[in-house]
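For reference, the structure is listed below as C-alpha cells.
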Amino acid sequence: MLRIGICDDEPLYLEKVNTAVASYFSSAHVKISTFSDDRSFLEAAKRGRHFDIAVLDIVMPQFSGLEIAKALKRDNPGIQIIFLTCSRDYAVDAFSLGAVHYVLKPFDEHSFHEALERASAAFRLNDDMITLNLPGGMMHKLPAFEIIYIESLGHRRIVHTTGGKYEETRITLSSFLLLLERLCPSQFIQPYRGYIINLGFVKSISPGKITLTNGDGILIKRGDFRRLRNIIFDYMFPRTEDGNGKS
C-alpha cells in the first residue's frame with residue numbers, strides 16, 4: 001500500500017492535489033494524508049509517520065517545502081518528492097534534493113498525473129503481489145490491494161477480488177492473514193471466523209454485519225461490533241493532526 005502525504009497551506013490547492021491523487025490511484029491500495037500546516041506535517045513525520053510519496057508546496061509560512069524534503073529524505077531516503085510552486089526560481093534546489101517532479105501552479109490534472117506517474121514508478125517493481133494456487137495445478141498472480149475479502153469453505157479459500165472470484169487450494173486462512181499483514185499492514189482484518197476483509201472495501205457496519213462495497217455482507221458477533229467499528233473508523237476516518245492535517 002502506498003502512503004502519500006500532501007502539504008499545502010492554500011486550501012484550494014490542497015483540495016485540488018488531493019482530488020488529483022485520488023483519481024490517479026483509483027483503488028484501495030493508497031492512503032492519502034493531507035496537511036494544511038507545514039509544522040504538523042513535520043511533526044507527524046518525526047513521530048514515525050511513513051510516506052512513500054510527498055507532495056510539498058515550496059513556499060509555506062514556517063518551513064519551506066525544501067526544508068521539509070530535507071528532513072524527510074534524511075530519515076527515509078527512498079521517499080519520492082513532488083514540489084508545487086508558483087515560480088521556477090526554486091527548480092535547481094528542488095532537483096538537487098532528488099525531486100521526481102516540479103509542478104508549476106496553476107496546473108491541470110493531466111500534468112499532475114504525469115508527476116504521479118514518475119513518483120509511483122519506483123514502487124511498481126515491488127507491487128504487493130500474491131500468488132494463488134488454483135484447482136488443477138494452475139497459478140494466478142494478483143495485487144493484494146485487489147482483494148475485497150476471503151472466505152474459508154472447508155478446505156478451500158474463496159478469494160473475492162475486484163476482477164472476480166478465485167479458489168485457493170493450499171494457503172490456509174491464518175497464513176493468508178499473516179501474508180497480507182506483511183504486504184499491507186493494518187489493511188486486512190479477520191472480523192469473524194472464516195473471513196478476512198480488506199478495510200478499503202468496507203461500505204458500512206451494523207451490530208450484526210459488515211457490508212462491503214461489492215454488496216456482500218459478512219456476519220459479525222454483536223459483542224464485537226464496537227471494537228470492529230473502531231478499527232474500521234480509524235482506517236476510514238483517521239484522526240486530525242494538530243487540528244490541521246488529516247491522517
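- The environment of Tyr192 atom OH is sparse: at most 12 non-hydrogen atoms of other residues, nucleotides or ligands sit within 6.0 angstrom.
- The shortest distance between side-chain heavy atoms of Ile4 and Lys31 does not fall below 4.5 Å.
- Within the 3.5 Å criterion, the main-chain N or O of Ser40 finds a donor-acceptor partner in the side chain of Asp37.
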**OP:** Please report the C-alpha distance between Phe145 and Thr162 in whole Å, then the side-chain angles of each, then the deciding distance to 0.1 Å, and finally whether the side-chain contact (heavy atoms from CB on, under 4.5 Å) criterion is met.
**Re:** CA-CA 9 Å; Phe145 60 78; Thr162 55; over 6 Å; no
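- Taken from CG in Leu72 to CD1 in Ile53, the straight-line distance is 13.0 Å, to the nearest 0.5 Å.
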Subject >> side-chain hydrogen bond (donor to acceptor under 3.5 Å, both in side chains) between Tyr24 and Glu117, intermediate numbers included >> reply: CA-CA 9 Å; Tyr24 182 82; Glu117 178 73 19; 2.4 Å; yes
**OP:** For the pair Ile58 and Tyr102, evaluate side-chain contact (heavy atoms from CB on, under 4.5 Å) and give the outcome as yes or no after the intermediate values.
**Re:** CA-CA 10 Å; Ile58 287 185; Tyr102 184 90; 3.8 Å; yes
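- The structure places CD1 of Ile210 at 4.5 Å from CD1 of Ile205, a figure rounded to the nearest 0.5 Å.
- Counting Ile, Leu, Val, Met, Phe, Trp and Tyr side chains that sit under 4.5 Å apart, directly or through other members, Ile158 shares a hydrophobic cluster with Leu153.
- The two atoms that bring Ser36 and Leu14 nearest to each other are CB-CD2, 3.9 Å, heavy atoms only.
- Here the side chains of Val55 and Phe112 are in contact, with some heavy-atom distance below 4.5 Å.
- Under a 3.5 Å cut-off, the side chain of Ser33 and the backbone N or O of Gly5 do not form any donor-acceptor pair.
- Considering only heavy atoms from C-beta on, His113 comes within 4.5 Å of Ser23 through its side chain.
- Side-chain N or O atoms of Glu181 include none that pairs as donor or acceptor with a backbone N or O of Leu178 at under 3.5 Å.
- Interatomic distance, CZ of Phe201 versus CD1 of Ile147, reported as 9.5 Å (0.5 Å rounding).
- When the shell of 6.0 Å around CE of Met139 is examined, it contains more than 12 heavy atoms from other residues, nucleotides or ligands.
- Proximity of a side-chain donor or acceptor of Glu168 to a complementary backbone N or O of Ile171 within less than 3.5 Å is detected.
- We find the CG-CD1 distance between Leu173 and Ile196 to be 4.0 Å, quoted to the nearest 0.5 Å.
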**OP:** Show your reasoning for whether side-chain hydrogen bond (donor to acceptor under 3.5 Å, both in side chains) applies to Asp52 and Gln80.
**Re:** CA-CA 6 Å; Asp52 300 299; Gln80 303 295 298; over 6 Å; no
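- From Ile6, atom CD1 reaches atom NZ of Lys16 across 13.5 Å, with rounding to the nearest 0.5 Å.
- In this structure, the side chains of Leu212 and Val202 come closer than 4.5 Å at one or more pairs of heavy atoms.
- For the pair Phe41 and Ala54, the tightest heavy-atom approach, listed with the atom from each and the gap, is CZ-CB, 4.3 Å.
- Looking at every heavy atom in both residues, Ile82 comes nearest to Ala119 through CD1-CB, 4.0 Å.
- A donor-acceptor pair is defined here as one N or O able to donate and one able to accept, closer than 3.5 Å; such a pair exists between the side chain of Arg157 and the backbone of His155.
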Original post:
Passes side-chain hydrogen bond (donor to acceptor under 3.5 Å, both in side chains), Tyr149 versus Asp216? Steps please.
Top reply: CA-CA 9 Å; Tyr149 73 100; Asp216 291 353; 2.7 Å; yes
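- The two atoms that bring Ile218 and Ile197 nearest to each other are CG1-CG2, 4.0 Å, heavy atoms only.
- For the pair Phe35 and Arg49, the tightest heavy-atom approach, listed with the atom from each and the gap, is CZ-NH1, 4.1 Å.
- Closest heavy-atom contact between Ile68 and Met60: CD1-CE, 3.6 Å.
- Contact of the Lys105 side chain with the Asp8 side chain is registered, since non-hydrogen atoms from C-beta on lie closer than 4.5 Å.
- A 4.5 Å side-chain heavy-atom check between Glu167 and Leu134 finds every atom pair outside the cut-off.
- Between Ile130 and Val159, the closest side-chain pair of non-hydrogen atoms is not below 4.5 Å.
- With sequence neighbours excluded, the residues that form a side-chain contact (heavy atoms from CB on, under 4.5 Å) with Lys209 are Ser206, Thr211.
- Residues Leu228 and Ile189 meet the side-chain proximity criterion, which asks for heavy atoms closer than 4.5 Å.
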